[in-house]
J.: 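Just dropping this structure here.
Each chain gets a letter, A, B and so on, in the order its sequence line appears, and its residues count up from 1. Computation of the quantities below employed the complete heavy-atom set of this structure, encompassing side-chain atoms and omitting hydrogens, waters and symmetry-equivalent molecules.
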There are 2 protein chains.
Amino acid sequence: MNAKSDRIPADERRVQILDAAVEVFGRYGYAAATTDRVAKGAGISQPYVVRMFGTKEQLFIETLGHTLARLLRTFRAALAEADAEGLSAEARLGAAYLELVGDRGVLLTLLHGFMMGADPAIGPVARGGFFEVYRMLRQEAGFTPEQARSFLAEGMLINTLIGLDVRPTDDLATAELLACTFGDDVPESFERSIA
Amino acid sequence: MNAKSDRIPADERRVQILDAAVEVFGRYGYAAATTDRVAKGAGISQPYVVRMFGTKEQLFIETLGHTLARLLRTFRAALAEADAEGLSAEARLGAAYLELVGDRGVLLTLLHGFMMGADPAIGPVARGGFFEVYRMLRQEAGFTPEQARSFLAEGMLINTLIGLDVRPTDDLATAELLACTFGDDVPESFERSIA
DNA sequence: GTCTATATAGCGATAGAC
DNA sequence: GTCTATCGCTATATAGAC
């Protein structure tokens, strides 16, 4: 509104930029995403984005950390709930994953990061993040290796369906696979088309 | 060697370019891949690549078709073999998938394509390719929806492990997941580092 | 804390010769 | 069938003002 209110603390601006970055990196991937789109998403100028994070690469690395933290937070909350209500960790974590599907940016940003293992700077971060999830499943959720592998595999299939931008109405095979993957209630984010 | 022998038929050149493109798109993804790298891989000039395929986008679409055809060919050969030797289609297709892992470019190009569902030109091609595989599993391999979903999920996890550029020596969690995914013989392509 | 202006580099695509 | 030369766009990053 007024000119002065546009000046906000750096910490707060940082989070706004990271939130915008999750959307942009998720939609376009690392290479096709532009710092300008992130800036527009955060409502600031492109050079300011770069000023805050140094480089686009560094922004992506911090965005990966941001999304990973959110994933782990969601999973840990689900585990606590399963504990309190005596539900199985497996079922409760599956439901938690579906919550995350609602926000396409999170899972797609992670998957795009996972595809960059060959990148010297981003690869180690991506591997570290992936296996942090694996360790959480094994140690905190009490999964066996087979349970953890199966959980991750199902997750990657769901990520792929999001990345494909699959819609329930596409055709018979599509409807069948979506029904088989999600059961009765296909996440609503599959029904809207991308803005 | 001699100057004249460098002139080869367009059809043959096309295949050379597509083979180079599979490697490059697999390694860098669509956006970060350059027509110049593809050209160097095929041993020709960058403008000639563009000349042959019109645009980089069109090159990617044809590369997707090329890799998908190879995937389906491998699967169908495995099915024929399973038929002849009385093996289960599920086990034989799993083994066929592992053959494809040896050539990182194929599976990574496909996965990069699957991540581009939101792209107006590439999205429809990627979805079509993915569900062509699904239909093959259901109709030709005789999989139930659950078997097909599970097979695809395991495949996507393997693709992700390739994309992450995971190495067996990384740490305990890594070794455990690789052992759990591949059993005794982890594909050798996981042991070499990328060139 | 934030912007405008701009330097700089890389890449896809075109023109045209051989 | 293939190359060299080059245009023009886009995008990251820097400089410096407010």
J.: To the nearest angstrom, how far is B:Glu57 atom CD from C:dC11 atom P?
T.: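 Result: 18 Å.
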J.: Send over the distance from B:Ile44 CD1 to D:dT4 P, rounded to a whole Å.
T.: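 About 12 Å, once rounded to whole Å.
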J.: Which comes earlier along DNA chain D counting from the 5' end, the contact point of B:Pro9 or that of B:Gln46, where each point is its nearest nucleotide?
T.: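 With B:Pro9 and B:Gln46 compared, the 5'-side residue is B:Pro9.
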J.: Whole-Å distance between D:dA13 C1' and A:Arg51 CZ?
T.: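 Taking CZ of A:Arg51 and C1' of D:dA13, I get 11 Å after rounding.
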J.: Is the side chain of A:Thr74 donor-acceptor paired with the backbone N or O of A:Arg70 at a distance under 3.5 Å, no angle test?
T.: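 Looks like yes, one N/O pair under 3.5 Å.
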J.: Less than 4.5 Å apart, any side-chain heavy atom of B:Glu85 and any of B:Glu81?
T.: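 A side-chain contact under 4.5 Å exists here.
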J.: So, A:Arg149 and B:Glu154, do they make that salt bridge, N to O below 4.0 Å?
T.: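 A salt bridge links A:Arg149 with B:Glu154.
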J.: Scan A:Arg13 against the nucleic acid and name what it touches under 4.0 Å (heavy atoms): base, sugar-phosphate only, or nothing.
T.: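 Sugar-phosphate only.
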J.: Rounded off to whole Å, could you give me the CZ-to-P distance for the B:Phe53 and D:dG1 pair?
T.: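 For the pair B:Phe53 CZ and D:dG1 P, the rounded distance is 13 Å.
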J.: Base, sugar-phosphate, or nothing for A:Ala33, non-hydrogen atoms under 4.0 angstrom?
T.: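 Here A:Ala33 touches the backbone only, sparing every base.
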J.: When you measure from the side chain of A:Arg104 to the backbone N and O of A:Ser189, does any donor-acceptor pair fall under 3.5 Å?
T.: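 Flag set: sc A:Arg104 to bb A:Ser189 pair under 3.5 Å.
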J.: NZ of B:Lys56 versus C1' of D:dC9: gap in Å, rounded?
T.: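 Value for this atom pair: 14 Å.
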J.: What integer distance in Å separates A:Gln58:CD from D:dA13:P?
T.: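 My rounded result for the distance is 11 Å.
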J.: By nearest atom, which of the nucleotides D:dA13, D:dC3, D:dG1 is closest to the B:Ser45 side chain?
T.: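 Given the options D:dA13, D:dC3, D:dG1, the side chain of B:Ser45 is closest to D:dC3.
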J.: Contact class for B:Thr34 (heavy atom, under 4.0 Å): base, sugar-phosphate, or nothing?
T.: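 Sugar-phosphate: the residue B:Thr34, judged by heavy atoms under 4.0 Å, touches backbone atoms but no base.
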J.: Name the residue closer to the 5' end of DNA chain C, choosing between A:Pro47 and A:Met52 according to the nucleotide with the nearest heavy atom.
T.: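 So the residue in question is A:Met52.
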J.: Show, in sequence, the C-alpha distance, side-chain angles and deciding distance for A:Thr63 and A:Leu59, and conclude whether the side-chain contact (heavy atoms from CB on, under 4.5 Å) test is met.
T.: CA-CA 6 Å; A:Thr63 304; A:Leu59 171 62; 3.8 Å; yes
J.: In whole angstrom, what separates A:Arg14's CZ from C:dG1's P?
T.: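 That distance rounds to 11 Å.
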J.: Determine the contact category for A:Thr35: base if any of its heavy atoms lies under 4.0 Å from a base atom, sugar-phosphate if only primed atoms, P, OP1 or OP2 are that close, otherwise nothing.
T.: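 Sugar-phosphate, backbone atoms only, no base.
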J.: To the nearest angstrom, how far is B:Leu59 atom CG from C:dA13 atom C1'?
T.: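 It is 14 Å, rounded to the nearest whole Å.
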